[in-house]
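One structure is given below, encoded as C-alpha cells.
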Amino acid sequence: METLDRIDEEILLWLNGGVGHFPWLDAVVELVISDYMVPVLMSLVLLGLWFAQRTEAAHALNQRAVLNAAGGLAVASLVVDWLINPLYFRSRPFVDHTVSLLFYEPTDSSFPANPATVAFAVATGVWLWNRRAGAVLYSLAVLYALSRVYGGVFYPFDVMGGAAIGIAASILVNLVIRRFAALPTLAIRLARALYLG
C-alpha cells in the first residue's frame, strides 16, 4: 500500500508541477475544474438526449440512456455517501503536500473523487445506449478528472476510484433496466403523458 501511495503522490506532484509554467493551460483548467462548466455541459447533453426526436426508436433509446445515467448517478452517490465516506477518510493533496491550487480547498474526503464518480456514472449510463453521445460525455469526464488532479484537488487514484465506482454503478443500473424493461417504459410513458418527454 505504501508503494501505491508513493506512486499516487509522485504522479500528483509531477502533474501539479506544471501549474504556473503555462498560463493559458492554467486558465483552461480553472474553467474546466470549476463546479459549473462540466456539470452544466453534461446536463445539457442529457436534456438534449431526453427531448431529441430524430425517430421514435432513437428517442426511446436516448430516454433510456438518460434514465440509466440518472440511476447510475444515484447508485454511485449512495455508495460513496453511505458506504465509503463514513468508513474511510483520505486527506486532500493540498493538506499533505505543497501544491499549486487552482481551486478552493474542499474539506470532504479525497477518496473517492465525487466529481469523477458523477461524471463517469453519467458518461457510462449514456454510452451503454448511445455511443456517440457517450463518447462526448466520457471526454468531458476525463478532462474533469484530470483537471482536478492537475489543479491539486485530488490524487490520481482518487479520480480512478471515483471513475470505477461511477462506471460500475451505471453498469449495474443498466442490467436492471434491461432485465425489467417495463419499468423504464412506464417511466417514459408517464413523462410523456405529463408533457415532460
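Sequential numbering from 1 along the given sequence is applied to the chain's residues. Note that the structure is predicted; figures quoted are calculated from it, not measured.
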Any donor-acceptor pair under 3.5 Å from D158 side chain to A113 backbone: no
In terms of ring plane angle, is the pair F120 and Y138 parallel, tilted or perpendicular, where the classes change at 30° and 60°? tilted
Which pairs pass side-chain hydrogen bond (donor to acceptor under 3.5 Å, both in side chains) with one or both residues in residues 10-19, sequence neighbours excluded? none
Check whether D8 reaches the backbone of Y155 with its side chain - one donor and one acceptor, N or O, closer than 3.5 Å. no
Which value, rounded to the nearest 0.5 Å, describes the distance between L101 atom CG and I33 atom CD1? 8.0 Å
Donor-acceptor contact present, side-chain R92 to main-chain D108, <3.5 Å: yes
Spacing of R179 atom CZ and I177 atom CD1 [to the nearest 0.5 Å]: 14.5 Å
Who clusters with F89? Use side-chain heavy atoms, under 4.5 angstrom, across I, L, V, M, F, W and Y, and order the result by chain and number. none
Euclidean distance, S100 OG relative to L13 CG, rounded to 0.5 Å: 10.0 Å
At what distance, to the nearest 0.5 angstrom, does CZ of R148 lie from CG of N114? 9.5 Å
Going through the distances and angles, do V45 and L137 end up as a side-chain contact (heavy atoms from CB on, under 4.5 Å)? CA-CA 8 Å; V45 170; L137 291 171; 3.9 Å; yes
Between the CZ atom in R64 and the CG atom in N68, the distance rounded to the nearest 0.5 Å is 11.0 Å
If hydrophobic residues (ILVMFWY) are linked whenever their side-chain heavy atoms come closer than 4.5 Å, directly or via other members, who joins L190 in its cluster? L194, L196
What closest approach, in Å, do S91 and S110 show between heavy atoms, and which atom pair accounts for it? O-CB, 3.5 Å
CG-CG distance between N130 and L61, expressed to the nearest 0.5 angstrom: 8.0 Å
If only atom types and distance count, is the side chain of Y150 paired as donor or acceptor with the main-chain N or O of G18 below 3.5 Å? yes
